Participant: 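Structure below; questions to follow.
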Amino acid sequence: MENEFVLFWVKRCAQLQSVQLMRGNATTALPQLRQSLLSWYDQNRRDLPWRKTRDAYRVWVSEIMLQQTRVAAVLPRYENFLERFSSVEKLAKAREASVLAEWSGLGYYRRARNLHAAARVVARAGAFPQNAEAWRELPGIGRYTAAAVSSIASNEPVAVLDGNVERVLLRLHGKLGTSAQRWRAAQKLLDHTRPGDFNQSMMELGAMVCVPGQPICSQCPIQRFCQTRGRGISISRKPRQQKREIAYCLAQSNGSVRLVRRPKSATLMPSMWELPHCAKTSDSDTVLFSIRHSITNTDYTVRVIQRGSPLRTPGLWVKAARAEQLPLTGLARKILCKAGIIL
DNA sequence: AACACGGGGCG
DNA sequence: CGCCCAGTGTT
């Protein structure tokens with residue numbers, strides 16, 4: 001009886017706090033929300049390699065890699081990259097082709113080019129930018145990444161807004177305003193004592209609990225403050241994937257493979273290496289294997305062809321060991337791996 | 001505000 | 001095989 005009475009008041013207070021939060025005059029609910037989220041994060045956060053450090057360079061590299069890219073895809077590549085380019089000075093001194101080769105398969109290669117160019121700026125300056133506004137001036141660093149790096153590495157109280165945070169905000173408040181309003185909402189929520197952890201806790205919540213599709217509200221630490229609590233709030237869909245077919249030639253000889261370099265002027269993956277295209281096939285050609293490769297909104301079915309007649313293919317003969325060090329496109333790497341030519 | 005830019009995982 | 005994920009820079 002007494003327990004029920006207490007429970008009633010706990011719920012009642014939660015309701016009142018939620019209302020206050022929604023109306024924006026909420027000075028009591030906000031600290032509790034922050035505390036709940038941070039406690040949850042402390043106990044449930046995934047043990048990711050970039051969370052073991054607050055080193056600006058390492059945080060920076062992780063944020064660039066994680067742009068538009070899943071954690072699972074970054075995981076096997078992050079440590080390798082940092083081993084190869086162990087400091088911002090080392091990265092600055094490297095050739096762009098080496099950086100691209102290490103990035104091969106991660107996609108959005110402009111990220112790697114910008115990271116490299118920015119490393120040269122930082123190395124020349126002799127110091128990392130000291131706040132988000134300064135980070136923002138480097139190529140490849142937009143508003144999100146500047147806030148992420150600065151809050152995590154330097155505890156600057158500046159909020160991040162990415163797809164995860166937007167989804168959390170949408171469900172928490174039941175609506176999403178304009179872009180400017182979203183940034184303000186995120187900033188208003190931010191915990192100023194632990195800004196880096198708070199930012200990560202918002203993104204972690206979006207990734208693990210407040211997921212796209214059906215959120216797992218039973219596990220949500222801020223359910224009490226949430227306006228929607230799992231009621232059908234979702235983000236609009238993307239356009240369908242187009243299907244296309246394409247063929248490449250796989251020509252081998254004496255431990256070498258035929259490769260072509262994309263034009264420097266190409267819009268897509270300039271200067272990177274791939275297999276020669278196979279425009280048309282003859283009866284003597286063999287389909288070694290087919291693989292799927294999906295890029296943005298195009299879903300490719302790729303046939304890998306071995307020429308029956310010794311047709312002249314463009315490109316250069318490249319030793320297998322050498323090919324591995326080239327900036328290969330993800331697809332080229334995938335084909336060479338599947339053919340057993342590289343690892 | 002719209003578009004271009006890669007690639008992988010899941011069922 | 002269909003479906004899902006989400007920052008930066010340019011126009």
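Owing to the predicted nature of the structure, the values given are computational and were not obtained by experimental measurement. Chain identifiers are assigned alphabetically (A, B, ...) following the order of the sequence lines, protein sequences preceding nucleic acid strands; residue numbering begins at 1 within each chain. Just the heavy atoms: all of them, side chains too, but no hydrogens, waters or symmetry mates, feed the values below.
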Participant: Considering only side-chain heavy atoms of Tyr108(A), which listed nucleotide, dT10(C), dG6(B), dC4(C), is closest?
Facilitator: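 Taking heavy atoms from C-beta onward, the closest nucleotide is dG6(B).
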
Participant: Would you indicate, yes or no, if dT8(C) has its OP1 or OP2 atom less than 4.0 angstrom from a side-chain nitrogen or oxygen of Thr145(A)?
Facilitator: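 Answer is yes, contact under 4.0 Å.
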
Participant: Roughly how many Å apart are dC5(C) and dC5(B), using the P atom of each and rounding to a whole number?
Facilitator: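 dC5(B) and dC5(C) have their P atoms separated by 23 Å.
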
Participant: Should His293(A) be listed as having a side-chain N or O under 4.0 Å from OP1 or OP2 of dG6(B)?
Facilitator: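 For dG6(B), OP1/OP2 do not have a side-chain N/O of His293(A) under 4.0 Å.
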
Participant: Rounded to whole Å, please give me the gap between OH in Tyr300(A) and P in dC5(B).
Facilitator: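 The distance from OH of Tyr300(A) to P of dC5(B) comes to 10 Å, rounded to the nearest Å.
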
Participant: Could you please name the option among dC5(C), dG7(B), dG2(C) that lies closest to any side-chain atom of Arg292(A)?
Facilitator: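 Between dC5(C), dG7(B), dG2(C), the one nearest the side chain of Arg292(A) would be dG2(C).
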
Participant: Name the residue closer to the 5' end of DNA chain B, choosing between Arg110(A) and Gly330(A) according to the nucleotide with the nearest heavy atom.
Facilitator: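 Counting from the 5' end, the first nearest nucleotide belongs to Arg110(A).
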
Participant: Using the side-chain heavy atoms of Ile295(A), tell me which of these nucleotides is nearest: dG6(B), dG8(B), dG9(B).
Facilitator: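 Per side-chain heavy atoms of Ile295(A), the pick is dG6(B).
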
Participant: If each of Arg70(A) and Pro139(A) is mapped to the nucleotide of DNA chain C with the nearest heavy atom, which maps nearer the 5' terminus, i.e. the 5' end?
Facilitator: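 Here Arg70(A) is the residue nearer the 5' end.
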
Participant: Less than 4.5 Å apart, side chain to side chain, heavy atoms only: is that true for Ile305(A) and Tyr248(A)?
Facilitator: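 SC-SC contact between Ile305(A) and Tyr248(A) ruled out.
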
Participant: Please confirm whether Tyr108(A) and Trp103(A) have ring centers closer than 6.0 angstrom.
Facilitator: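 No, they do not, as the ring centres are separated by 6.0 Å or more.
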
Participant: Nearest to the side chain of Tyr109(A) - dT8(C), dG8(B), dG6(B)?
Facilitator: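 Nearest nucleotide to the side chain: dG6(B).
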
Participant: In Å, rounded to the nearest 0.5 Å, how long is the span from OH of Tyr300(A) to OG of Ser294(A)?
Facilitator: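 Atom-to-atom, Tyr300(A):OH and Ser294(A):OG are 10.5 Å apart.
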
Participant: So, taking the atom named CG in Leu205(A) and the one named OH in Tyr41(A), what distance separates them when rounded to the nearest 0.5 Å?
Facilitator: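 It comes to 12.0 Å.
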
Participant: Once hydrogens and angles are ignored, does a donor-acceptor distance under 3.5 Å link the base of dG7(C) to the side chain of Gln68(A)?
Facilitator: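 Side chain to base: pair found, below 3.5 Å.
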
Participant: Round to the nearest Å and state the distance from Ile291(A) atom CD1 to dG6(B) atom P.
Facilitator: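 Rounded to the whole Å, the gap is 17 Å.
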
Participant: Atom CZ of Arg77(A) to atom P of dG7(B): distance rounded to whole Å?
Facilitator: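 For the pair Arg77(A) CZ and dG7(B) P, the rounded distance is 10 Å.
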
Participant: Respond yes when some side-chain nitrogen or oxygen of Lys243(A) is under 4.0 Å from OP1 or OP2 of dC1(C), and no when none is.
Facilitator: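 No, no such contact exists.
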
Participant: Choosing from dG7(C), dC5(B), dG6(B), which nucleotide comes nearest the side chain of Met269(A)?
Facilitator: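 Nearest nucleotide to the side chain: dG6(B).
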
Participant: For Tyr57(A) and Trp60(A), take the angle between the two ring planes, folded into 0 to 90°, and tell me which bin it lands in: parallel under 30, tilted 30 to 60, perpendicular over 60.
Facilitator: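 Ring orientation of Tyr57(A) relative to Trp60(A): perpendicular.
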
Participant: Considering only heavy atoms and no angle criterion, is a donor-acceptor pair shorter than 3.5 Å present between the side chain of Ser294(A) and the base of dG6(B)?
Facilitator: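 Result: no qualifying N/O pair found.
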
Participant: Answer with base, sugar-phosphate or nothing: what part of the nucleic acid does Arg143(A) contact at a heavy-atom distance below 4.0 Å?
Facilitator: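 Touches sugar-phosphate only.
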
Participant: Measure from CG on Leu66(A) to P on dG6(B) and round the result to the nearest Å.
Facilitator: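 To the nearest whole Å, that distance equals 18 Å.
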
Participant: Could you tell me how far apart Leu75(A) (CG) and dG8(B) (P) are, to the nearest whole angstrom?
Facilitator: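 In whole Å, dG8(B) P and Leu75(A) CG are 15 Å from each other.
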
Participant: Using 30° and 60° as the class boundaries, would you call the ring planes of Trp135(A) and Phe128(A) parallel, tilted or perpendicular?
Facilitator: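 Rings of Trp135(A) and Phe128(A): parallel, under 30°.
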
Participant: Find the distance Ile64(A):CD1 to dG6(B):P and express it as a whole number of Å.
Facilitator: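 The distance from CD1 of Ile64(A) to P of dG6(B) comes to 15 Å, rounded to the nearest Å.
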
Participant: Could you check how far NZ of Lys334(A) sits from P of dG9(B), rounded to whole Å?
Facilitator: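 Taking atom P of dG9(B) as the reference, NZ of Lys334(A) is at 9 Å.
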
Participant: Can you measure Trp60(A) atom CH2 to dG7(C) atom C1' for me and round it to whole angstrom units?
Facilitator: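 Nearest whole value for this atom pair: 16 Å.
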
Participant: Given the C1' atoms of dG6(B) and dC4(C), what is the spacing between them in whole Å?
Facilitator: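 Taking atom C1' in both dG6(B) and dC4(C), they lie 15 Å apart.
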
Participant: In terms of the nearest nucleotide of DNA chain C, which residue is placed more toward the 5' end: Tyr144(A) or Thr301(A)?
Facilitator: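 The 5'-side residue here is Thr301(A).
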
